[in-house]
K.L.:
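To start, I am sharing the structure in question, which I have written as structure tokens.
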Amino acid sequence: MPFSALEAALDDEASVSENVAEDIVEYARGNVIANEEQLLLTVLQTTTGWFRQQERFVNLGLVGPPAGGKTLVQDAAADLFPDDDCYETTDASSNALIDDPMWDYSIVAILDEYDKIDANIREYMKSMAGEDGGYEKMRNVEDQSARGGYAPERVSSRSMPFQFLYAPVSKKQGLDHELRSRMLMLHVDDNRAIREAIGRKEAGHERIDVQGLPNTYIFETANIESALKRHIRQLATEELWDETPDEQDVPVRVGGSHVQMPKWVWYSVRPVFDEGPTQTNRTFGMVFNLIRASALLNHHERPNVTKTVDGEEVPAYLVQPQDVANVLSCQPALLSTTHNLDPTKRDVLDGLRASMREDGTTTRQRIKDWMEDNDLNPPRKQQLGDILEELEQMYFCHIRERAGEDGSTHLYEWRDDGKVETPRLSDLQRYGERGGAHLSERRLARSAPHA
């Protein structure tokens, strides 16, 4: 059904582009200042709920300061998906989630601020990650026929991808490490130029240019939005009923699609990972599942193949080079997960390189001055020192302690050992031939859909 009277008028003519990612980026620019990468990846994360295999799910945390734009990104992405498919709540107890039949009828959970999530639910969410297979627990319920008037009852909920918002100033004293390791962490872009542009948006301005960004923001996107909603409604779901349902039962609804990823994708994407931390074992799955989600979202342009799942032959969409380009063009946003490089650390790294003197060294003050000159938010002195120490441990810089002329100032040198690698774009045809793809460098190196 159309989502509004306006969409009803547009629906018959609504159609998406050959690469749906381009439409999502245009939609993002029309509704949110900056953050195209974040919104595209949020849509792809949400799309993973339509996979039939729960190990393909991706969980998401949108990170940023209070009023920094997290909710705008989340809401704009959620607006593209049918309400009945999304479990949305701002607060609930863990028992309420377990007992709510609409949890199992939903495809993805879109939750609110992390601080609003009960501690019990955080444990519940760890088990909701696709790799863990769902949540089960025993609890006592009233039973007059049982000894003591109570009897144990086993309750369970299936896995489903979820997302929530997180502010670094959280009163929860940081994300639980186990939960964080199961999540794609995306930091929203926020600086003075973006904030000024947001102010103009709130004042009713349109076609807004942002200093330092090549694109224009805030304009009418009704046709694109209608086309995307119609396209997304075509994603397949399945209903699974209990063998002995009663009148109160609702079916468990699950995604109904499979995607086949050729082996060549690994050889192209492998350089973008930091294989040092053990957490990378989960990061592999997140990035590759986002690539699969791009293929699913572009199902109208993807060839159908046969895939074996649990010994059964099933139809599947085949990942194409454009799906790799769609995700890896968002590499700056992905660095928070693949290399633990949030925007502040990336800005410090840029300042480190840009403020080098002829002797190949720089100081904290020079880094801070460069950031201020470029309208960035430099960390406080102690925090900047902590970030530089962390970057040294990641092999991005070397600290020469007390090597300054005054005998107390640290000097900082750039190191290439920790440089962020780009995808491999050449010598892949021998792998592509096995998967039926023609992998010319031109196709793999296509510009980012939001460039």
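Quick caveat, the model's predicted, so the values are computed rather than measured. This chain uses plain numbering: 1 for the first residue, then up along the sequence.
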K.L.:
Taking all non-hydrogen atoms of both residues into account, name the closest pair between I107 and G49 and its distance.
P.N.:
CG2-O, 3.2 Å

K.L.:
Let's go through N340 and E390 carefully: what are the C-alpha distance in whole Å and the side-chain angles of both, what is the deciding distance for side chain to side chain donor-acceptor pair (under 3.5 Å) to 0.1 Å, and is it a yes or a no?
P.N.:
CA-CA 10 Å; N340 194 30; E390 184 174 349; 3.2 Å; yes

K.L.:
Before accepting this row, confirm whether a basic side-chain N of the pair R192/E196 lies closer than 4.0 Å to the acidic partner's carboxylate O.
P.N.:
no

K.L.:
Quick one: do E238 and R52 make a salt bridge, cutoff under 4.0 Å?
P.N.:
yes

K.L.:
Decide, yes or no, whether a salt bridge links K229 with E225 under the criterion of side-chain N to carboxylate O below 4.0 Å.
P.N.:
yes

K.L.:
Look only at the side chain of N59 and the backbone of F162, and say whether a donor-acceptor pair between them is shorter than 3.5 Å.
P.N.:
yes

K.L.:
Mind running side chain to side chain donor-acceptor pair (under 3.5 Å) on Q163 and T42 for me, showing each step along the way?
P.N.:
CA-CA 9 Å; Q163 56 181 254; T42 299; 5.9 Å; no

K.L.:
Could you check whether any side-chain heavy atom of M371 comes within less than 4.5 Å of a side-chain heavy atom of P379, counting everything from C-beta outward?
P.N.:
yes

K.L.:
What class does the angle between the rings of F288 and F273 fall in, given that below 30° is parallel, 30 to 60° is tilted and above 60° is perpendicular?
P.N.:
tilted

K.L.:
Walk me through whether R282 and S181 qualify under side chain to side chain donor-acceptor pair (under 3.5 Å).
P.N.:
CA-CA 7 Å; R282 286 178 172 146; S181 71; 2.6 Å; yes

K.L.:
Checking R346 side chain against P332 main chain: does a donor-acceptor pair fall under 3.5 Å?
P.N.:
yes

K.L.:
Would the F57 and F51 ring centres measure less than 6.0 Å apart?
P.N.:
no

K.L.:
Verify whether one side chain among S17 and E22 offers a donor that lies under 3.5 Å from an acceptor in the other.
P.N.:
no

K.L.:
For a quick check under 3.5 Å, do Q320 and Q322 share a side-chain donor-acceptor pair by atom type?
P.N.:
no

K.L.:
State whether a side-chain donor-acceptor pair under 3.5 Å links E239 with Y105.
P.N.:
yes

K.L.:
Judged by atom type as modelled, is there a donor-acceptor pair below 3.5 Å linking the side chain of D342 to the main-chain atoms of K345?
P.N.:
yes

K.L.:
For D209 and T216: C-alpha separation, side-chain torsions, deciding distance, then whether side chain to side chain donor-acceptor pair (under 3.5 Å) applies.
P.N.:
CA-CA 5 Å; D209 294 326; T216 298; 2.7 Å; yes

K.L.:
Could you grab the distance from atom OH of Y317 to atom NZ of K307, nearest 0.5 Å is fine?
P.N.:
13.5 Å

K.L.:
So, N298 side chain and V20 main chain: donor-acceptor pair closer than 3.5 Å or not?
P.N.:
yes

K.L.:
Closer than 3.5 angstrom, by distance alone: can the side chain of Y27 be matched with the main-chain N or O of A76 as a donor-acceptor pair?
P.N.:
yes

K.L.:
Looking at every heavy atom in both F164 and Q74, which two are closest together, and how far apart are they?
P.N.:
CA-NE2, 4.3 Å

K.L.:
Can we call the ring centroids of F81 and W50 under 6.0 Å apart?
P.N.:
yes

K.L.:
Using distance alone, with no hydrogens and no angle criterion, decide if T338 and D274 have a side-chain donor and acceptor under 3.5 Å apart.
P.N.:
no

K.L.:
Testing R200, H205, R29, E36 for side chain to side chain donor-acceptor pair (under 3.5 Å) with Y217, which one passes?
P.N.:
E36

K.L.:
Side chains of N326 and N19: is there a donor and an acceptor less than 3.5 Å apart?
P.N.:
yes

K.L.:
Tell me whether D85 is salt-bridged to R253, with the criterion being a basic N under 4.0 Å from an acidic carboxylate O.
P.N.:
yes

